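Note that this is a predicted model, so its numbers are computed, not measured. Just the heavy atoms: all of them, side chains too, but no hydrogens, waters or symmetry mates, feed the values below.
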Amino acid sequence: MNRRTQIAVLGATLFLTAGLTGAAASAPASPPKPREGAALTGTAKLHRSAGDDITFSFDAHLAAEDKADPMRATGTFEWSHYLNGDGAWAKAKVDCLVTGGKVAVVSGIVTDSDLPGAKGTRVGVTVHDLGRRDRLGYSWATTEDLGPEDLPKCVSSAPFEKVAMGTGDFTVVPWQPDF
């Protein structure tokens with residue numbers, strides 16, 4: 001390339017760069033979206049060596065303006081558990097969400113289920129967000145049914161179950177209260 005062509009290419013490049021930079025600088029910036037107060041989202045299957053088909057899904061959120069009160073959380077979570085064609089599913093309306101670091105505890109009232117007697121029961125679930133190796137626990141871990149009728153809000157068990165590799169991922173947004 002001769003010197004005249006090089007200068008022309010350099011000049012055109014500088015002209016275009018200056019024009020694009022000026023256009024970007026003059027474009028109105030959209031305000032940043034406020035961070036949620038806390039959240040637990042995602043879907044994954046649990047690992048069971050016996051072949052159980054267990055799936056949990058979460059869509060639980062605490063708005064930034066409600067971060068002082070985790071009982072103002074909204075959303076739903078649901079789960080199903082089947083083995084050899086037998087099992088049940090349930091869906092709960094969130095009534096509390098507390099997160100700390102990468103651990104979340106969510107509770108809710110079962111609003112729909114094919115498990116007899118489940119509707120109206122409060123249940124809790126704990127999630128430890130470890131990337132693609134998440135863990136999960138639930139309030140009925142040591143009971144034969146969905147647990148005690150008087151389970152307090154945001155109560156669950158330690159996250160003892162493992163998510164099956166490649167089946168999904170949970171995401172926890174940590175709660176940051178103003179203490």
>> Working note: Leu146 + Leu115, criterion side-chain contact (heavy atoms from CB on, under 4.5 Å); need CA distance, chi angles, decisive distance, verdict.
In response: CA-CA 10 Å; Leu146 286 182; Leu115 181 64; 4.2 Å; yes
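Remark: side-chain polar atoms of Thr126 are not paired, donor with acceptor, to backbone N or O of Ala158 under 3.5 angstrom. For Ser156 (side chain) and Gly124 (main-chain N/O), a donor-acceptor pair under 3.5 Å exists by modelled atom type. The closest donor-acceptor contact from the side chain of Arg135 to the backbone of His128 lies at 3.5 Å or more, if one exists at all. Side-chain atoms of Ser113 come within 3.5 Å of backbone atoms of Trp89 as a donor-acceptor pair (strictly under, hydrogens ignored).
Val94 and Trp140 fall within the same hydrophobic cluster, where Ile, Leu, Val, Met, Phe, Trp and Tyr residues are linked whenever their side-chain heavy atoms come under 4.5 Å apart, directly or through other members. Val123 and Val106 fall within a single hydrophobic cluster, where Ile, Leu, Val, Met, Phe, Trp and Tyr are joined by side-chain heavy atoms under 4.5 Å apart, directly or via other members. Taken together through direct or relayed side-chain contacts under 4.5 Å among Ile, Leu, Val, Met, Phe, Trp and Tyr, Val127 and Ile54 form part of one hydrophobic cluster. Using a 4.5 Å cut-off between side-chain heavy atoms of Ile, Leu, Val, Met, Phe, Trp and Tyr, with links allowed through other members, Leu136 and Val172 fall into the same hydrophobic cluster. Under a hydrophobic-cluster definition in which Ile, Leu, Val, Met, Phe, Trp and Tyr are linked whenever side-chain heavy atoms come within less than 4.5 Å, directly or via other members, Phe56 and Val105 are assigned to different clusters.
Taking each heavy atom of Lys67 and Leu62 in turn, the nearest pair found is CA-CD2, 3.8 Å. Nearest heavy atoms, Ser57 versus Thr43: OG-OG1, 2.8 Å. Taking every heavy atom of both residues into account, Ser107 and Cys154 meet most closely at OG-N, 2.8 Å. Residue Val155 comes nearest to Leu151 through the heavy atom pair CG1-CD1, 3.8 Å, listed as atom of the first residue, atom of the second, then distance.
By the 4.5 Å heavy-atom criterion applied to side chains, His47 and Met165 are not counted as neighbours. Considering only heavy atoms from C-beta on, His61 comes within 4.5 Å of Asp59 through its side chain. Between Cys96 and Val98, some side-chain heavy-atom pair lies under the 4.5 Å cut-off.
Within a 6.0 Å radius of CZ in Arg133, no more than 12 heavy atoms belonging to other residues, nucleotides or ligands are found.
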Show me the side-chain donor-acceptor pairs of residues 71-85 shorter than 3.5 Å, one per line, residues at least two apart or across chains.
from	atom 1	to	atom 2	distance (Å)
Arg72	NE	Asp66	OD1	3.0
His81	NE2	Asp52	OD2	2.7

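The side-chain contact (heavy atoms from CB on, under 4.5 Å) search around Pro177 returns Trp175, Phe179, not counting sequence neighbours. Thr167 pairs by the side-chain contact (heavy atoms from CB on, under 4.5 Å) definition with Ala44, Lys45, Val163, Ala164, not counting sequence neighbours.
To the nearest 0.5 Å, atom OG1 of residue Thr171 and atom CG of residue Leu40 are 8.5 Å apart. For the atom pair OG1 (Thr41) and CG (Asp129), the distance works out to 8.5 Å, reported to the nearest 0.5 Å.
For residues 149-168, the pairs satisfying ring-ring contact (aromatic ring centres under 6.0 Å, His included) are Tyr138-Phe160, with sequence neighbours left out. Each salt bridge (charged side-chain N to carboxylate O under 4.0 Å, His left out) pair with one or both residues in residues 79-91, not counting sequence neighbours, would appear here, but there are none. Listed by first then second residue, pairs satisfying salt bridge (charged side-chain N to carboxylate O under 4.0 Å, His left out) with a partner in residues 109-118 read Asp112-Lys119, not counting sequence neighbours.
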